[in-house]
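Throughout, protein chains are lettered first and strands after them, A, B, ... in sequence-line order, and every chain is numbered starting at 1.
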Amino acid sequence: MRKPSFLQVFYSTSKQLNSSTYLCIMSKVRVRFAPSPTGGLHLGGVRTVLYNYLFARKHGGDFIVRIEDTDQNRYVDGAEEYIFDCLRWCGIEPDESVQHGGEYGPYRQSERKDSYREYAERLVSQGQAYYAFDTTEELEQMRQKHKTDSNPSPQYDHHIRMRMRNSLTLLPNEVEELLKAGTRHVIRIKMPESETVSFTDMIRGEVSFETSLVDDKVLLKADGMPTYHLAVVVDDHLMKISHAFRGEEWLPSAPVHILLWKYLFGLDKMPKWAHFPLILGPTGKLSKRDGAKYGFPVFAMNWTDPKNGELTEGFREKGFLPEAFLNLLALLGWNDGTEQEIFSKEELVERFSMDRVHSAGAKFDYEKAKWFNHEWIKRSESLAPKVEQLLNDAGIIVNDHIKLENILELVKERCHLLPDFVQQTGFFFQAPQTIDLDAVRPKWNEEKKIFFLDYCDLISGAVEWNATALEETFKKLATEKNIKAGELQLPFRVMLVGGKFGPPVFQIAEILGKEETIKRVSSFTELL
RNA sequence: GGCCCGUUCGUCUAAGGGUUAGGACACCACCCUUUCACGGUGGUGAUACGAGUUCGAAUCUCGUACGGGCUACCA
């Protein structure tokens, strides 16, 4: 018997599915990251990008970056460029964006301004939204007037709206007049008085809300710009977004978005939602404003606030590898069910699945973050350019690149953050500026001084210059002089590197070379 | 205050009714190493509480407590 073709199977299976599942199968996966250009890009933002990206790649879909710049007051110069720089550093390239182009542009909401009003007006004519003419002062008055102990933050909702100045309370011709006169107004959604709105979150399952408890959110602002609520729904529709992922802080406004989808485009067209758990700092939600006050970075890369010139350090500059940064972020709220913790980007794409994303918030652990970075440093084969840059910045010139590669292999396991390499490799290229004499002094004596002088004589004539030979000579001489070799190794180390650190001391001497080794020992013996 | 989400070692997490509740980071001890690391071995350490369902609950249900988020013409 012939096997049924894929299409036949597909057709017969799909008939048994409901229409929304059918659509889900049919439509291409398209996800978006929608940041607002208001400052640095923090941990949580990058993880949201990552999960979006992984999901898109995993399902052969598109990853879109849409700039949500509908608030002109909060616009910060350079923030948009910065976001793309961060993504580039992480190795995440969008398929469509302001910088990458695409068929669904413009990808900046401010440039789509004209399209939103039409949808808001449509809602008004459908009776699902209304014009509101209340001024900021009137709103403030309302909040003051209705504020009680049991209701500290009164909402513009179905209890209040009939007492405000809007197209629900005003006569039609009054509204007409106000509109004609160009009176500043907003368009608000008219939340139903008693409906239950629910949806299935890919991470949390069914979530439901009573519409009577949700306020009449502004959809279109007085300046003609949409609020997030309108823009996200309209643009997700226009850009054919199949799955909408965002942080948990958006969950409370989900009913507004669901209703908007229902009114404007139909629930069957609505993307699947997932709300990611928050990444918490030591005291709660990580905030952009808290910058590096936690003792660890929160931004992906250095961010300088153009308003006050204030610099906030980023993970990149702190010395994190992008591979490690992505890895640690991926594991903050997700795991593949095995005990594996180190994943490359490619592995993450392969293993990622939304139903293994945790629903509970995760407190960021900087110690573990450093462990991830250490693991990636140990695995990395391409550290040299980064380390060389760091050394240059410290005023140390790298004259031999093969030598640097060899040194890197030797010291990798001692470095958690990239700047650690400066201490661990610097002395190979430049004699130590400071010598930790105190580490040697207590057990130092004339006998030992003579040992080193004699050792220098011995090795200066050595034909074979390698760690093994050097160690052999060293130990032999020590035995002859009846001094414990161990007591001599620490001083030797301090002479060569300046302190109690670094790889095995004879290997250091090997790399340093004869001339330099003898030079450092001699100058040391003159100091003590 | 209201609404929503959440709750397994200090932290990130595994365990989709039956496990001595597993791993990782951190911490401690020992081994390796006469620096510091890496590595190895071992250890301390958790199902918030109370009911219910069940022969059996970390796991399902309800309540309580606690934590977090939201409550703008910000996103």
Phe133(A) atom CZ is separated from C73(B) atom C1', nearest whole Å, by 14 Å
Anything under 3.5 Å between a protein N or O and an N or O of nucleotides 8-12 of chain B, put it in a table, one pair a line.
from, atom 1, to, atom 2, distance (Å)
C12(B), OP1, Lys363(A), N, 2.8
C12(B), O2', Leu331(A), O, 3.3

Taking U47(B) as the reference, what is the distance to U7(B) when you measure between their C1' atoms (whole Å, please)?
10 Å
Now, which nucleotide makes the Watson-Crick or G-U wobble pair with G50(B), with each of the two distances under 3.5 Å?
C62(B)
Find every protein N or O atom lying less than 3.5 Å from an N or O atom of nucleotides 61-69 of chain B, and list the pairs.
from, atom 1, to, atom 2, distance (Å)
G69(B), OP1, Lys285(A), N, 3.1

Using the benzene-type ring in the case of Trp, are the ring centres of His185(A) and Tyr130(A) under 6.0 Å apart?
no
Could you pick out which residue, Asn151(A) or His374(A), lies toward the 5' side of RNA chain B when each is mapped onto its nearest nucleotide?
Asn151(A)
Using a cut-off of less than 4.0 Å, is there contact between a side-chain N or O of Arg184(A) and OP1 or OP2 of C73(B)?
no
Whichever of Leu213(A) and Arg356(A) has the more 5' nearest nucleotide on RNA chain B, that residue is Leu213(A)
Residue-phosphate contact under 4.0 Å: Lys370(A) side-chain N/O, A26(B) OP1/OP2
no
Under 6.0 Å between ring centres: does that hold for Tyr294(A) and Phe364(A)?
no
Name the closest nucleotide to the Leu490(A) side chain, picking from A75(B), U35(B), C4(B).
U35(B)
Looking only at atom P, what distance separates A72(B) and G10(B), rounded to whole Å?
37 Å
Expected output: side-chain Asp216(A) to main-chain Lys190(A) donor-acceptor under 3.5 Å
no
Closest nucleotide among C5(B), G39(B), C3(B) to the Lys378(A) side chain:
G39(B)
With a 3.5 Å cut-off and heavy atoms only, can you find an N or O donor on one side and an acceptor on the other between the side chain of Arg414(A) and the base of C36(B)?
yes
Identify which nucleotide among U71(B), U35(B), A75(B) has an atom closest to any side-chain atom of Gln155(A), counting heavy atoms from C-beta outward.
U71(B)
Give a yes or no on whether a salt bridge exists between Glu480(A) and Lys476(A), defined as a side-chain N under 4.0 angstrom from a carboxylate O.
no
Taking NZ from Lys147(A) and P from G2(B), how many angstroms apart are they, rounded to a whole number?
16 Å
For U71(B), does OP1 or OP2 lie under 4.0 Å from any side-chain N or O of Ser253(A)?
no
Using the C1' atom on both, measure C28(B) against G63(B) and round to a whole Å.
41 Å
Should Arg66(A) be listed as having a side-chain N or O under 4.0 Å from OP1 or OP2 of A75(B)?
no
Between A57(B) and G18(B), how many Å separate the two P atoms, rounded to a whole number?
11 Å
U19(B) versus U71(B) - spacing of their C1' atoms, nearest Å
44 Å
Considering only the C1' atoms, how many Å lie between U20(B) and C27(B), rounded to the nearest integer?
24 Å
In whole Å, measure the gap between the P atoms of G52(B) and U59(B) for me.
14 Å
